[in-house]
Peer 1: 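Take this structure first; my questions come after.
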Amino acid sequence: MKRLLALALLLTGPAGAESFVLSTDSRLELLGAVQLLSPGKPPKGFSAGKNAATLELERRFAPWRTHPGVAANGALSRELDYRDRVELVGRLSPAFEPQARYFLPSRSIAAAGGRQRVDDWLAGLRAFAEEAGFEAYRAEAAKAEAAALEPARLRLEAGAFLVKIESYTGVAFQGSYAVTATAFLDKEVMLNDVWPREGGGYELRTVFGWDRSLALDDYFWKERLPAVLWHQYAHGLLDPLADLQPERLARLAEANKRVSWNSDWTASFKENIVRAVYIRLVTRELGPEAGARLREDAQEEANFPKTDELLARLQEYERSRDKHPTLAVFYPRLLDVFEGGAR
């Protein structure tokens, strides 16, 4: 009965879940500013983000190069790459304090050189923000960033990505989605997080390296970021469907060890389903060539051996919406793909 009620909520849950919010994040801009001022070779994944705004930031805070917060940042092991630093900072409160609902990954703490090194680093960031007047600077910079992002926001909003994936799946999204741009993350790097919310629904997050020089007709805005939006929404919409099948997933786990890149086969299974769904959406909405590029990427990764079978099964779903009005109803057919194990 509980599963039936949960399924009903997925299909008919209250409307009004917000679409994505595209913005910058002062925590990440502080992280970037301190890294920009730090001596030595930067960690992998960091971009100096050379444009008028970052050059002005570097000029304005140059007198603070000797601040203890900059030294604490430099003391972190370079094994903690910049993407992982962004992930850590993004899980903190605006005051750079840990939040109970977001754990700090133990692998990142170890890579940084231990918890004390991380605590010193965060204390240094807090002190730098207060003593160097970073909040006042951000009050000015955030307005300029919002204006610079506005054309991209309008383009993405016109894409109606949430509407299209809800229509495709027949499932209502419950949650929020923060899409964050930062000039200091390498353009080839993205960070995606999916967090269950208390009371139901999901918090989705994407952080991407922002190149202000990119035109709106660039591949990044036309294809790469839209694919990521659908990827994240697919997690928010479809992960709960897997959670309704614990016994069957437990039985399939042993036969599908190859379809897993970590100890949690359920998480790997969810990612396989999500990949197939967003490839179909990209194919339908952005064209066969765009879908083919994503399919080839999935085929090259050993963790996604079922991609073609799942794509074929989704096309079956598309042809049978009269019998399967939602992907929730069709979901057992997707599970059937994994019955033969990882071939």
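Both backbone and side-chain heavy atoms feed into the values below; hydrogens, waters and symmetry mates do not.
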Peer 1: Residues two or more places apart in sequence or in another chain: which of them pass side-chain hydrogen bond (donor to acceptor under 3.5 Å, both in side chains) with E135?
Peer 2: none
Peer 1: To the nearest 0.5 Å, what is the distance between CZ (R321) and CZ (R319)?
Peer 2: 13.5 Å
Peer 1: Is the centre of the W210 ring less than 6.0 Å from the centre of the F220 ring?
Peer 2: no
Peer 1: I'd like to know if R313 pairs up with E309 as an ion pair, taking the criterion as any Lys NZ or Arg NE/NH1/NH2 lying under 4.0 Å from an Asp or Glu carboxylate oxygen.
Peer 2: no
Peer 1: In Å, rounded to the nearest 0.5 Å, how long is the span from OH of Y331 to CD1 of I273?
Peer 2: 5.0 Å
Peer 1: Should R27 and D25 count as an ion pair when the cut-off is N to O under 4.0 Å?
Peer 2: yes
Peer 1: If the threshold is 4.0 Å, N to carboxylate O, is there a salt bridge linking R65 and E58?
Peer 2: yes
Peer 1: Please collect all ring pair (Phe, Tyr, Trp, His ring centres under 6.0 Å) contacts where either partner lies in residues 144-169, sequence neighbours excluded, each pair once.
Peer 2: F161-W230, Y168-Y317
Peer 1: Mind checking salt bridge (Lys or Arg N to Asp or Glu O under 4.0 Å) for E87 and listing every partner two or more places apart, or none if nothing turns up?
Peer 2: R91, R107
Peer 1: Enter the distance from L229:CG to R224:CZ here, rounded to the nearest 0.5 Å.
Peer 2: 12.0 Å
Peer 1: In sequence, state the C-alpha distance, the side-chain angles, and the governing distance for H231 and E271, and then conclude on side chain to side chain donor-acceptor pair (under 3.5 Å).
Peer 2: CA-CA 9 Å; H231 171 273; E271 185 64 26; 2.8 Å; yes
Peer 1: Answer yes if the ring centres of Y82 and F184 are under 6.0 angstrom apart, and no otherwise.
Peer 2: no
Peer 1: Quick test of your reading of the model: are E56 and R60 salt-bridged, counting only N-O distances below 4.0 Å?
Peer 2: no
Peer 1: Distance check, rounded to the nearest 0.5 Å: T169 atom OG1 versus R280 atom CZ?
Peer 2: 14.5 Å
Peer 1: Going by atom types only, do S47 and D186 share a side-chain donor-acceptor pair under 3.5 Å?
Peer 2: no
